[in-house]
Visitor: 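Quick one: the structure is below, and I'll ask about it shortly.
Each residue takes its place number in the sequence, starting with 1. All values below were derived from every heavy atom in this structure, side-chain atoms included, with hydrogens, water molecules and symmetry-related copies excluded.
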Amino acid sequence: MSKLSNRIVLAITLLTILVSFAMGYVIIDRAFDIVEKESRQKLIEMAHRIGSEFDYEVREVENIREQVNNLVETTFDLAALRTDPNYMDKYKDQIAPIIERMASNAKVSRSVYVFFDPALDGKTNDVWYADLHGTGRVFRQEEFDMSFYENPSPEKDWYFKAKELKRPYWTDPYRGNASFDSHLIYISHTAPIYVDNKFIGVAGADFYFDELRNRIRNISLYETGYAVLFNDEMEALIHPTLEEGVSLKDINKGEYIWLAEKMEAGEPVIEYTWVDGTQKIVASTRLLNDWIIAVAPSKEEVFRSVENMRKMIWVVALLGGFIAALVGLVIGRKLVKPIEQIVLDINKIGLGDYDNSIKEVYRKRRDEIGILANSVEKMRVTQQKSFNEINDQKLKLEKRVEERTQELIKTNEYLEESMAKLEENQAELILTNEALEDALEVTRMTQKQLIESEKIASLGYLVGGIAHEINTPVGNSVTLITYMQRESKSISQKLETGQIKKKDLSDFVNSTLEASDNIYKNLRMTSDLVNRFKQLAASESIESVIHFNVHEYLSLIVKSMGIAQETGSIQVDIEGDKNLEIHTDAGKFSQIFTNLISNSLQHGFTSSKGGSIRISYENVGDDLFIKYEDDGRGIEKDYLDSIYTPFFTTKFSGETKGLGLNIVYNVVTKLFNGSIRCDSEVGRGTIFFIKLNIE
């Protein structure tokens, strides 16, 4: 081969090898990146799935404990305790069926209790129902003796620490305190009971820790991976290599403090080297009781498949480069030699040798060489005949001009037909425009209906508030009526058997009067709550220009949406002149804050964490200046210009219609002749500055 052919073959070979290696590198890098992301995401999903299962159980235990607190705090009578020496026995008999029912109906917590302070009457009093042997039925456990209350110890933290902290408390795992439950390991959610600011005792519910420990220990990841559980102090509760109670921060003189801090800060995936030298990856999530659950496989096991893929692709790339070199050599020989011969023939033709034709073997090829050979041959023949064909070309040119003229005539006719069709299309566009205007009108009507449905949806919070507020007095009334029924049945039986005593009849009359009085108070409370919420619901459904106190009305709006201002996961603070009264449309005023609070609950706060809302106001002349702020997740900067647009929403699953802030904007600017501005930063909350004209 010539120098040119050698260069072409070398260039093709080097280029092919370079492309093969580049493709191999890109594929390996991309594959490793995809596998790494998928592996990390699977670890995060596994940690969250395990955490969600435990959080569901934690939530039920907390709910049952809260119900027991509410039951005792609303029914225990300190006055009766001081006057009736048998009051504690009567009261325990009264609440025992209710606690038994709570324990029986629980899906997770099969142990519910209330332990009363011995200082109440100098005796031990407790009501405890539990399924201690997995029989499926709960039984009342025997009462503890006085020695339990005399010697505090870590396994009794569920009582003494709740009393000391004066708040709800999750215990670390502990073994049962009595002989009949010493085979069980519990974790308890417990809280003190106060009636008229006096410590009454402790209420709580247990979770059988053995079941959770067995589930977590049975979790396996790849070949050597495992799941672990830490308490809120990062002390190991379940770990295959650490002893229970050992803090992650204390291992190897604080070597893993950084790891504990990152897990506490909520970093989803962390790589580290364990004490045995193993490279590991951990994904963790925080539970509702502030414990942390994590899954920790070996890094080598997670990425073993991609390393094998890396080796295989490099082998394929090398093999491809070798094959490409062979293909380049063959192609060079098949392409370069014919081209060199054709170049020689072109040189001869250029020197005037028109009889030197291109070889037929080249002209028969069906590739670029064949095209080149035929082109050169045509050029040779054309030059040879050029002088003889000048006159023929002139005649052909004239004929061509005539043909072009005919073509232009036909083109003109075609243009005229096109103009007619264009006019027809224009008429169709006019009809289409009218149809679009009709569709736009339908869209406007649909928007109006959706806005009305959004207003109706906001009343759902009102219904939730009513249910929450009247639940306690109605529940108290049901409990008292149940008690009266039982006492009535007892006195009736004594009357029938003739065993009735004057003291029994007197006690029955006194307890009936007392229960009736409590029922009346609770039902009166329910009636007052219903009337208050009726006023609020009426003001939202019709135009109601009235005088009202701003602070009291805002508090009523918050309460109607089922949000307690002093307790609960959502904290609402209202600041401003508590004596300020205004004369304006209360229903439209309520719509502003109902939609703002609804927007915070749906978009600002996550389901697993609480948050806070702060509403402050100030009256200046005829204007009311309002600042509404929450500490939720915030709004992205790119969305701030679109939040008031109808149907704009960041949730695309159909959960919201995107009309809440549009309603707020229209009420503020059109009905109150005011203005509204929003400042927000992702992760730092949202603030609305509102000015209302209230003259």
Visitor: Quick one: which of Gln67, Glu66, Glu73 gives a side chain to side chain contact (heavy atoms under 4.5 Å, CB included) with Asn69?
Guide: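 The passing option is Glu73.
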
Visitor: Of the non-hydrogen atoms in Arg677 and Asp679, which two are nearest, and what is the gap between them?
Guide: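 Of all heavy-atom pairs spanning Arg677 and Asp679, the closest is NH1-OD2, 2.8 Å.
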
Visitor: Can you find a pair of side-chain heavy atoms, one from Ile597 and one from Val558, that are under 4.5 Å apart?
Guide: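 Touching, per the 4.5 Å side-chain cut-off.
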
Visitor: Drop me the distance from Tyr113's OH to Arg65's CZ, to the nearest 0.5 angstrom.
Guide: 10.0 Å

Visitor: For residues Phe688 and Ile643, determine if any side-chain heavy atom of one lies less than 4.5 Å from a side-chain heavy atom of the other.
Guide: yes

Visitor: Do side-chain atoms of Asn125 reach the backbone of Phe116 as a donor and acceptor pair under 3.5 angstrom?
Guide: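 Such a contact is absent between Asn125 side chain and Phe116 backbone.
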
Visitor: Do Ile570 and Val572 come close enough that some side-chain heavy atom pair is under 4.5 Å?
Guide: yes

Visitor: What's the spacing between Ile50 CD1 and Ile293 CD1 if we round to 0.5 Å?
Guide: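 It is 5.0 Å, given to the nearest 0.5 Å.
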
Visitor: With distance as the sole test, does Asn105 use its side chain to make a donor-acceptor pair with the main-chain N or O of Arg101 at under 3.5 Å?
Guide: yes

Visitor: When you measure from the side chain of Asp131 to the backbone N and O of Thr135, does any donor-acceptor pair fall under 3.5 Å?
Guide: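 The answer is yes, because a donor-acceptor pair under 3.5 Å joins these two groups.
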
Visitor: Pair Val295, Val282 - check side-chain contact (heavy atoms from CB on, under 4.5 Å), show working.
Guide: CA-CA 6 Å; Val295 290; Val282 64; over 6 Å; no

Visitor: When you measure from the side chain of Thr74 to the backbone N and O of Asn70, does any donor-acceptor pair fall under 3.5 Å?
Guide: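 Such a contact is found between Thr74 side chain and Asn70 backbone.
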
Visitor: Considering only NZ, NE, NH1 and NH2 on the basic side and carboxylate oxygens on the acidic side, decide whether Glu155 and Arg175 come within less than 4.0 Å.
Guide: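 Judged by the 4.0 Å cut-off on N to carboxylate O distance, Glu155 and Arg175 do not form a salt bridge.
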
Visitor: Treating Lys637 as the side-chain partner and Glu681 as the backbone partner, does any N or O pair qualify as donor plus acceptor under 3.5 Å?
Guide: no

Visitor: How long is the gap from CD on Glu255 to OG1 on Thr273, to the nearest 0.5 Å?
Guide: 8.5 Å

Visitor: Between Glu142 and Asp126, what is the shortest heavy-atom contact and its length?
Guide: O-OD1, 4.3 Å

Visitor: Would you mind reporting whether Tyr194 and Pro192 have side-chain heavy atoms less than 4.5 Å apart?
Guide: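 Yes - at least one pair of side-chain heavy atoms lies under 4.5 Å apart.
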
Visitor: Does atom OH (Tyr665) have a neighbourhood of more than 12 heavy atoms from anything else shown, all under 6.0 Å?
Guide: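 No, not enclosed.
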
Visitor: Is Ser616 reaching over with its side chain to a backbone N or O of Gly576, donor-acceptor style, under 3.5 angstrom?
Guide: no

Visitor: For Trp291, run the side chain to side chain contact (heavy atoms under 4.5 Å, CB included) check against Val58, Thr285, Ile187 and tell me which one passes.
Guide: Ile187

Visitor: Pair Glu300, Thr224 - check side-chain contact (heavy atoms from CB on, under 4.5 Å), show working.
Guide: CA-CA 10 Å; Glu300 186 273 333; Thr224 62; over 6 Å; no

Visitor: Judged by atom type as modelled, is there a donor-acceptor pair below 3.5 Å linking the side chain of Asp630 to the main-chain atoms of Ile613?
Guide: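 Answer holds: no.
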
Visitor: Looking only at heavy atoms, what is the nearest atom pair of Gly660 and Asn595, with distance?
Guide: CA-OD1, 3.6 Å

Visitor: Hey, what's the ring geometry for Phe144 with Trp128, parallel, tilted or perpendicular (30° and 60° as the breaks)?
Guide: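 The rings of Phe144 and Trp128 stand perpendicular, inter-plane angle above 60°.
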
Visitor: Kindly check if the number of other-residue, nucleotide or ligand heavy atoms within 6.0 Å of CD (Glu150) is above 12?
Guide: yes

Visitor: Could you tell me whether the side chains of Ser247 and Glu235 share a donor-acceptor contact shorter than 3.5 Å?
Guide: no

Visitor: Go through the steps for His189 and Phe207 under the test ring pair (Phe, Tyr, Trp, His ring centres under 6.0 Å), then give the verdict.
Guide: CA-CA 8 Å; His189 189 249; Phe207 180 81; over 10 Å; no

Visitor: State whether Glu271 and Lys299 are salt-bridged, where the test is any N-O pair (Lys NZ or Arg NE/NH1/NH2 against Asp/Glu carboxylate O) under 4.0 Å.
Guide: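 Salt bridge flag = yes for Lys299 with Glu271.
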
Visitor: Looking only at heavy atoms, what is the nearest atom pair of Cys678 and Thr686, with distance?
Guide: SG-CG2, 3.7 Å

Visitor: So, Thr278 side chain and Trp274 main chain: donor-acceptor pair closer than 3.5 Å or not?
Guide: no

Visitor: Decide yes or no for Tyr617 and Glu575: does some side-chain heavy atom of the first lie under 4.5 Å from some side-chain heavy atom of the second?
Guide: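 Contact flag for Tyr617/Glu575 side chains = no.
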
Visitor: Can a donor-acceptor pair be found, under 3.5 Å and without considering hydrogens, that links the side chain of Ser600 to the backbone of Leu596?
Guide: yes

Visitor: Would you check if Val228 and Pro240 make a side-chain contact, meaning some heavy-atom pair closer than 4.5 Å?
Guide: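 Counting from C-beta outward, Val228 and Pro240 do come under 4.5 Å.
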
Visitor: When the ring planes of Trp258 and Tyr272 are compared, do they come out parallel, tilted or perpendicular, using 30° and 60° as the limits?
Guide: perpendicular

Visitor: From Leu120 CG over to Thr124 OG1, what is the distance, rounded to the nearest 0.5 angstrom?
Guide: 11.5 Å

Visitor: Could you pull out the closest heavy-atom pair between Lys280 and Ser298, with the gap in Å?
Guide: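 Here Lys280 and Ser298 meet closest at NZ-N, 4.0 Å.
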
Visitor: Between Thr171 and Tyr186, is a side-chain contact (heavy atoms from CB on, under 4.5 Å) present by the stated rule, with each step listed?
Guide: CA-CA 9 Å; Thr171 70; Tyr186 300 102; 6.0 Å; no

Visitor: Counting neighbours of NZ on Lys42 that are heavy atoms of other residues, nucleotides or ligands and sit closer than 6.0 Å, is the number greater than 12?
Guide: no

Visitor: State, with a plain yes or no, whether a side-chain heavy atom of Thr190 is found less than 4.5 Å away from one of Pro168.
Guide: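 When only atoms from C-beta onward are counted, Pro168 and Thr190 do not touch, as no gap falls below 4.5 Å.
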
Visitor: Going from CG on Asp117 to CZ on Phe199, what distance comes out if it is rounded to the nearest 0.5 angstrom?
Guide: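 Spacing of CG (Asp117) from CZ (Phe199) equals 5.0 Å.
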
Visitor: Please work out which of the three classes, parallel, tilted or perpendicular, describes the rings of Phe115 and Tyr159, given edges at 30° and 60°.
Guide: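 Ring orientation, 0 to 90° scale: perpendicular.
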
Visitor: For Asp206 and Ser188, which I'm curious about, is there any donor-acceptor pair between the side chains at under 3.5 Å?
Guide: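 Present: a donor and an acceptor within the cut-off.
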
Visitor: Nearest 0.5 angstrom please: Ile690 CD1 to Ile626 CD1, how far?
Guide: 5.5 Å

Visitor: Run the salt bridge (charged side-chain N to carboxylate O under 4.0 Å, His left out) test on Glu60 and Lys107 for me, step by step, so that the C-alpha distance in whole Å, both residues' side-chain angles and the decisive distance to 0.1 Å come before the verdict.
Guide: CA-CA 8 Å; Glu60 179 184 290; Lys107 297 179 181 179; over 6 Å; no

Visitor: For salt bridge (charged side-chain N to carboxylate O under 4.0 Å, His left out), just list the numbers for Glu264 and Lys249, CA-CA rounded to whole Å, side-chain angles, deciding distance to a tenth of an Å, and then say yes or no.
Guide: CA-CA 11 Å; Glu264 289 177 326; Lys249 299 178 181 179; 3.5 Å; yes

Visitor: Begin with the C-alpha distance, continue with both residues' side-chain angles, and end with the deciding distance and a verdict on side-chain contact (heavy atoms from CB on, under 4.5 Å) for Glu100 and Phe139.
Guide: CA-CA 8 Å; Glu100 179 183 13; Phe139 296 93; over 6 Å; no

Visitor: Please report the shortest heavy-atom distance between Ala205 and Val61, naming the atom on each side.
Guide: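 So the minimum-distance heavy-atom pair works out to O-CG1, 3.5 Å.
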
Visitor: Distance-only, no hydrogens or angles: does the Arg633 side chain make a donor-acceptor pair with backbone N or O of His603 under 3.5 Å?
Guide: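 Checked: pair present.
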
Visitor: Are Leu287 and Ile292 close enough that some pair of their side-chain heavy atoms sits under 4.5 Å apart?
Guide: no

